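Okay, structure first, notes after.
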Amino acid sequence: MIMEDAEAPHHMLLLRNFMSQGLVQNQPLLYASPAKDPRGFLGTLPCPSSSKDEKSRNHDTEQEKGLRIAWQYKKYFSENIDDHKDSKQEFCNDFDLRKPLERHFYSGQRVDCVSIKDSPNPATLHDRCATFLAQFPRNDGSFSCMGRIAIQSLCAPQCELSNMDWDILSFIRSLKSMLRSANAVAIITFPPSLLSPSFCKRWQHMADVLLSVKAIPDEDKELGKLLTGYQDMVGFLNVHKIARINTQVPMILEATTFSIKLQKRRFIVLECLNQAPIDGSSGTSYGTSGGCSGSSKSGALDF
Amino acid sequence: MENRALNLLDEALGLGYQTDPWPLRGRVVLIEDCVETSGCFVLYQLLKRTLSSQSPNNTVIFLAFSHPLSHYDRILRKLGCNLVAQRENGRFFFFDMLKLLCPDEKEERNGKGGFISLYWKIQNTIRALPENNKNHATIMIDDMSLMEVAAHGSSDHVLDFMHYCHTLTSELGCSLITLNHEDIYTSMERPAFMLQIKYLVDVLIKTEPLATGLAADVHGQLTVLNWGFCNVKGSSNNKISNFHFKVKENSVEYFYPGTRT
């Protein structure tokens with residue numbers, strides 16, 4: 001789940017990446033939004049970044065040397081899929097925001113769109129999700145196809161659903177249950193400021209992975225002094241929770257706050273933000289005046 | 001492996017001082033956590049301790065609203081407990097509640113509502129146990145906030161269900177161990193539901209983050225409030241314990257601040 005920021009639609013950057021990533025790999029997609037015609041949004045999905053961009057390619061080669069283990073499996077996929085070089089099935093993480101995704105990726109039956117604007121209850125959305133997920137049963141052993149569900153701004157005020165707190169929670173619980181037996185993943189974005197604090201916490205507990213995005217004010221001189229590359233930053237991404245399925249061990253990340261930058265206004269780049277060293281005597285951080293806290297509680301040590 | 005040194009959680013709960021009767025017998029244990037620090041591991045630890053070979057008469061009835069059996073099975077295997085084998089031995093009963101539907105009013109009036117029938121199933125399961133095990137049943141719930149979702153927000157139904165389960169602790173000596181998320185209720189103006197639940201509780205285990213946030217070697221802190229704690233000499237008093245913890249795949253380390261090398 002992604003907690004939206006009312007000040008800026010940065011959650012859309014993440015959602016677009018998620019949707020394009022699946023489509024370029026021929027993974028079916030179910031997209032739901034409060035728009036009257038959600039299909040129109042597909043035209044704004046970004047295209048994978050071109051290999052002609054040599055600078056980024058060289059940069060990638062250098063970066064690949066330091067790739068974490070999971071990304072190194074990328075080379076095994078490219079070796080095994082020689083006959084699919086032109087079908088763009090390679091896993092892609094770089095997208096060019098100025099170039100729209102080619103129409104053939106989403107014009108077929110692969111994409112199902114649902115409008116939740118006029119839905120009197122979540123039943124329609126639930127049924128569409130159930131039908132969609134039935135295509136990807138999880139049997140022990142291999143799987144041939146994976147599906148992606150993208151639900152934008154669930155409980156947005158323009159939807160009748162926004163008044164149905166318990167129905168929506170029930171829907172999310174049911175969706176989670178269906179996903180546990182399907183080869184699929186779902187992203188739900190929602191505006192936390194429109195929920196009561198109690199229900200916001202319920203949603204947060206429901207999430208397997210919980211992220212939040214936050215806008216950065218323009219021309220903030222204080223922030224400009226604290227953050228390198230401030231002028232390229234459009235917002236922050238916070239990681240609040242990582243999924244713990246089949247394990248009791250919490251994942252402790254090296255960094256939980258990332259800056260969202262737009263390189264050349266085309267490419268999204270996430271960069272770790274490291275907290276300034278803690279003053280041993282007072283326990284306060286040198287960098288606390290920036291007010292960049294992404295945690296739910298504010299405190300002297302929040303970054 | 002079972003004859004191991006007591007850890008701080010065992011000591012706080014009085015689990016090492018006696019095995020018969022089981023120290024948690026007839027008691028209600030509430031595990032509270034928050035988004036920042038999950039308390040699920042405490043539930044898994046208690047599940048493992050309850051099914052340990054030192055207490056062969058113990059039986060667990062597990063109401064799973066959060067995860068399927070495979071999730072708990074994999075975790076408990078790493079902790080040295082085989083849930084599938086225990087189920088075959090009649091010591092572990094798993095109730096998959098992932099799809100428990102919200103009971104509607106009509107069903108409630110006919111007595112066929114989801115929670116009513118669930119309670120009857122639990123009671124019948126306990127009644128069907130061997131005579132030696134009837135008084136050693138433990139009901140575990142993961143987790144209570146999802147029971148409210150299943151009840152479509154009808155906290156009264158959940159409260160009634162908990163009261164019914166509470167009668168089993170007093171009449172049959174069952175234990176009731178449940179997990180809930182404290183931060184959902186602290187932000188409410190009138191958390192009546194939680195106050196009524198806490199009135200029933202004998203042992204409260206709270207997991208919280210450290211003030212300094214997450215760290216690789218310390219995952220949080222535990223506070224155990226044990227009302228009616230029975231010590232080695234047999235006298236009863238209230239006991240409060242606070243210590244840190246680190247969760248690993250096959251165990252959990254508990255330690256006082258500053259004592260970890």
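When reading the values below, keep in mind they use all heavy atoms of this one structure, side chains included, and skip hydrogens, waters and symmetry mates. So you know, we letter chains A, B, ... as the sequences are listed, proteins then strands, and number each from 1. Remember, predicted model here, so these are calculated numbers, not experimental data.
- Contact check for B:Tyr185 versus A:Lys201: no side-chain heavy atoms found under the 4.5 Å cut-off.
- Proximity to chain B (any heavy atom under 4.5 Å) is restricted, for A:Leu210, to the side chain, taken from C-beta onward.
- A pairwise comparison of heavy atoms in A:Met206 and B:Val149 identifies CE-CG2, 4.0 Å as the closest pair.
- There is no contact between B:Glu182 and chain A, counting heavy-atom distances below 4.5 Å.
- Most heavy-atom pairs under 4.5 Å with chain A, from the set B:Cys34, B:Gly220, B:Ser70: that is B:Cys34.
- No other option in B:Asp73, B:Leu146, B:Val252, B:Ile75 has as many heavy-atom pairs under 4.5 Å with chain A as B:Ile75.
- Closest of all the heavy-atom pairs between B:Pro68 and A:Arg180 is CD-NH2, 3.3 Å.
- Looking at A:Asp167, the atoms closer than 4.5 Å to chain B (heavy atoms on both sides) sit in the backbone and in the side chain alike.
- Within the 4.5 Å cutoff, the side chain of B:Ser145 has heavy atoms near those of the A:Arg202 side chain.
- Within the 4.5 angstrom heavy-atom criterion, no atom of B:Thr186 approaches chain A.
- Although no hydrogens or angles enter the test, the distance criterion places a donor-acceptor pair under 3.5 Å between the side chain of B:His71 and the main chain of A:Asn246.
- Remark: B:Asn242 engages B:Gln221, B:Thr223 in a side-chain hydrogen bond (donor to acceptor under 3.5 Å, both in side chains) (not counting sequence neighbours).
- Contacts of B:Tyr72 with chain A are absent, with no heavy-atom separation under 4.5 Å from either backbone or side chain.
- Two residues are said to be in side-chain contact when any heavy atoms from C-beta on lie closer than 4.5 Å; B:Lys78 and A:Gln248 fail this criterion.
- A:Leu169 is not listed as a side-chain neighbour of B:His152, based on a closest heavy-atom distance of 4.5 Å or more.
- A salt bridge between A:Lys241 and B:Glu36 is absent, with no side-chain N of the basic residue lying under 4.0 Å from a carboxylate O of the acidic one.
- Side-chain atoms of A:Arg173 come within 3.5 Å of backbone N or O of B:Leu98 as a donor-acceptor pair.
- Contacts from residues 185-197 of chain A to chain B, taken as heavy-atom pairs separated by less than 4.5 Å, involve A:Pro197 in sequence order.
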Practice problem: Quick one: do B:His181 and A:Gln204 satisfy side chain to side chain contact (heavy atoms under 4.5 Å, CB included)? Show the steps, please. | Solution: CA-CA 11 Å; B:His181 308 306; A:Gln204 291 176 17; over 6 Å; no
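- A side-chain donor-acceptor contact under 3.5 Å links A:Ser198 to the backbone of B:Ile184.
- Heavy-atom distances place both the backbone and the side chain of B:Phe41 under 4.5 Å from chain A.
- For the pair A:Arg244 and B:Ser38, the minimum side-chain heavy-atom distance is below 4.5 Å.
- In this structure a side-chain-to-backbone donor-acceptor pair under 3.5 Å is missing from B:Glu249 to A:Thr247.
- Contacts of B:Ser251 with chain A are made by backbone atoms alone, with heavy-atom separations under 4.5 Å and no side-chain atom involved.
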